[in-house]
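Here the structure comes first, spelled out in structure tokens, and everything after it is commentary.
Side chains included, hydrogens not; waters and symmetry mates left out as well; all remaining heavy atoms used.
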Amino acid sequence: MADLTKVPDESIPESTNTGDRSNAGSSLNFIEQIVEEDIASGKNGGRVHTRFPPEPNGYLHIGHAKSICLNFGLADEYGGQTNLRFDDTNPVTEDTEYVDSIKNDVRWLGFNWDNEFYASDYFDQLYEFAETLIQKGLAYVDDSTSEEIAAQKGTPTEPGRLSQYRDRSVDENLDLFRRMKAGEYPDGAKVLRAKVDMASPNMQLRDPIIYRIKHAHHHRTGDTWCIYPMYDFAHGQSDSIEHITHSLCTLEFEVHRPLYEWFIDKLAIFPSRQIEFARLNLTYTVMSKRKLKKLVEEGHVSNWDDPRMPTIAGMRRRGYTPASIREFADRIGIAKRDNLIDVGLLEFCIREELNKTTHRVMAVLDEKPLKLVIKNYEVGREEIMSIENNPEDPASGERNVPFSREVYIERDDFMENPPKKFFRLFPGGMVRLKGAYIIKCDEVVKDNAGEIIELRCSYIPESRSGSDTSGINVKGTIHWVSVPHAVEAEVRLYDRLFSVENPAADEREFRELLNPNSLDIVRAFVEPALVEAARSGSQTNFQFMRKGYFTLDSDSTPDKPVFNRTVTLKDSWSKEVKKG
């Protein structure tokens, strides 16, 4: 017998390239090649019908985003349809909260489904399919315990052992299965198994369980059912019922494909085709929904939408945009071999977009900002400085920023004894305050402990930005916030959730690998226009000059805005690309 543990398809060439089909010479990925061959041959009437089938037992993550982009994108590309189907076959772990969050995430990414279905829609039909297998002598009720069934399965190098219940008659199996359905037996007392091949090298074919007893309330069917189909049974049959032409799964389901095809063949139903592609593995990230759920339940993160989480909800809250995630999915492409993607590429995609679209604003991120007093600026005088919003986008216009005699600057923008080539402020040195005037540091004021608490400076009246006639050239420009107009804010500086590049490959318990510095909360002072724009919704993502990209958080209150750092300004990914 052939080894079915791996099912290579030599007819499917691999390609990780994606692109617009309208461009001459653009490459098709291997799934697109399959689709185009099917269309050319008239298979399925030339239809393309995909589905995205999440299990509603948690929030979607960036790996699901790749699958969403693939399934919906493929249907869009070839004029087809995509179903959103919830795999709700385990009532113990499912919740309507997860259903709602999944639908919200798909819409937010920019996709709309043609049909909304649930595996539970098919419970009656799936039950009939199970009875059909029993009647054909292809399924039997097994009273063995879960431990006994696991032992019967054997090992990858040793065949399994036949269950003592495998030769029950059709009539006995039908009677027992119907009594299971009627609720006569407790959880775990019996299961229904497919009668396939206990000697197969493919462990998935060794008489897999297709129904188990679960006396649990279902979020849609209530208490109607107490037996539920296993994923391997529900998956292919649901695809078939919906006439899905191309059932796209990640590589771990490759060994399940022979069973998927076995059920379809034995039931003589519509032959959906399962095609596997490489799942997304991202550095400094875990993609296991089980592990992510533990992080939430144990309080390592605030919730599923914690900005450190790789969930779509978390990324949205952190300031990622739908376009940046779709761009990331397009850049990584579709492959047939697993690999580890550098999270720097994801950061590059959002940085590239925000650089083009966000307003540059001024915020001083310092628990003890340095006060700068302009001695020769009249007390009580205020001016409005007009500062460009985004030099990358002339159409973004300008905003008004108040200027006064006293401003805050970053403490590290001043050094009393600076090294060579320090182009910021120091005693006797001159810099330009962004969008305002050139100033000179005349005096350093310290407290009794010797800590610098204030800088006394003078400004050059003729050096106002936009109308500078001073003739003075300075090498440094620093940002600032007017003290009487500054709005206090909380700023959350997020970093990677895990401290090792590949947590999945580390032998240590995954919670030991958490980055203790993944969140740093600091006080900040921001210009008022920033808060006004964020509150009105006219702009929610910003570049804090010289600091990074930030977004307004949902924890904000009218009295205290909260901003999350989306990503730093440093572009380490492009540097690595240039090196390589």
Side-chain angles (χ1 to χ4, degrees), residues 6-54 63-85 87 106 109-117 235-261 263-265 269-280 325-339:
K6 286 291 183 181
V7 191
D9 189 339
E10 300 299 337
S11 68
I12 303 175
E14 180 176 345
S15 170
T16 58
N17 298 318
T18 60
D20 185 351
R21 298 289 81 79
S22 63
N23 295 330
S26 62
S27 299
L28 301 176
N29 64 53
F30 75 93
I31 295 177
E32 290 167 329
Q33 291 183 28
I34 291 171
V35 170
E36 296 211 347
E37 289 168 5
D38 289 347
I39 292 173
S41 68
K43 185 177 180 180
N44 301 315
R47 293 185 308 113
V48 175
H49 200 156
T50 62
R51 85 290 172 267
F52 176 61
H64 295 111
K66 174 184 176 179
S67 181
I68 291 169
C69 292
L70 172 59
N71 280 284
F72 284 88
L74 197 70
D76 288 345
E77 186 177 354
Y78 292 101
Q81 290 185 311
T82 300
N83 294 349
L84 175 62
R85 181 176 75 237
D87 172 31
V106 173
L109 281 172
F111 300 104
N112 290 297
W113 48 95
D114 296 282
N115 306 287
E116 182 179 320
F117 295 127
H235 177 208
Q237 282 58 257
S238 297
D239 284 346
S240 182
I241 291 168
E242 296 173 17
H243 281 208
I244 299 301
T245 58
H246 303 86
S247 177
L248 309 180
C249 303
T250 46
L251 277 180
E252 62 263 35
F253 292 100
E254 185 176 35
V255 294
H256 297 246
R257 192 198 324 153
L259 182 60
Y260 179 99
E261 295 170 347
F263 283 129
I264 286 176
D265 176 64
I269 54 180
F270 177 82
S272 297
R273 179 178 181 181
Q274 178 175 302
I275 305 167
E276 305 84 22
F277 64 95
R279 64 179 292 170
L280 173 60
I325 294 176
R326 294 195 303 267
E327 173 66 16
F328 172 68
D330 186 61
R331 282 178 179 267
I332 61 177
I334 304 299
K336 277 189 71 71
R337 293 184 180 86
D338 280 327
N339 56 357

_Among N115, D114, T50, exactly one meets side chain to side chain donor-acceptor pair (under 3.5 Å) together with T82. Which residue is that?_
T50

*Over all heavy atoms of both residues, which pair between A75 and V48 is shortest? Give the atoms and the distance, please.*
CA-CG1, 4.4 Å

*How long is the gap from CG on L74 to CD1 on I334, to the nearest 0.5 Å?*
9.0 Å

*Any side-chain heavy atom of N83 sitting closer than 4.5 Å to one from F52?*
no

*Would you say I34 and R273 make side-chain contact, with heavy atoms under 4.5 Å?*
yes

*asked:* Can you confirm whether F328 sits close enough to K66 that some side-chain heavy atom of one is under 4.5 Å from a side-chain heavy atom of the other?
replied: no

*asked:* Do Y78 and E36 pair up side chain to side chain, a donor and an acceptor below 3.5 Å, judged on atom types alone?
replied: yes

_Heavy-atom pair with the smallest gap, counting every atom of T245 and H49_ = OG1-N, 2.8 Å

_Within the 4.5 Å heavy-atom criterion, are P54 and L84 side-chain neighbours or not?_
yes

_Interatomic distance, I264 atom CD1 to L259 atom CG [nearest 0.5 angstrom]_ = 10.0 Å

_Interatomic spacing from CZ in R279 to CG in N339 - rounded to 0.5 Å_ = 12.0 Å

*Donor-acceptor pair, Q274 side chain versus F253 backbone, under 3.5 Å?*
yes

_Gap separating the NZ atom of K336 from the CG atom of L251, nearest 0.5 angstrom_ = 6.5 Å

*Taking all heavy atoms of Y260 and all of S272, pick out the closest pair and write down the distance.*
OH-CB, 3.2 Å

*From L280 CG over to D338 CG, what is the distance, rounded to the nearest 0.5 angstrom?*
10.0 Å

_Sequence-distant partners of F72, ring pair (Phe, Tyr, Trp, His ring centres under 6.0 Å), two or more places apart_ = F111

*Measuring from Q81:CD to E242:CD, what's the distance to the nearest 0.5 Å?*
10.5 Å

_Closest non-hydrogen atom pair between N29 and I31, with its separation_ = OD1-N, 3.0 Å

*Any donor-acceptor N/O pair, D265 side chain to E261 backbone, under 3.5 Å*: no

_Going by side chain to side chain donor-acceptor pair (under 3.5 Å), name the residues that satisfy it together with D38, two or more places apart in sequence or in a different chain._
H246

*Go through the structure and list residues passing side chain to side chain donor-acceptor pair (under 3.5 Å) with S247, not counting sequence neighbours.*
R51, H235, D239

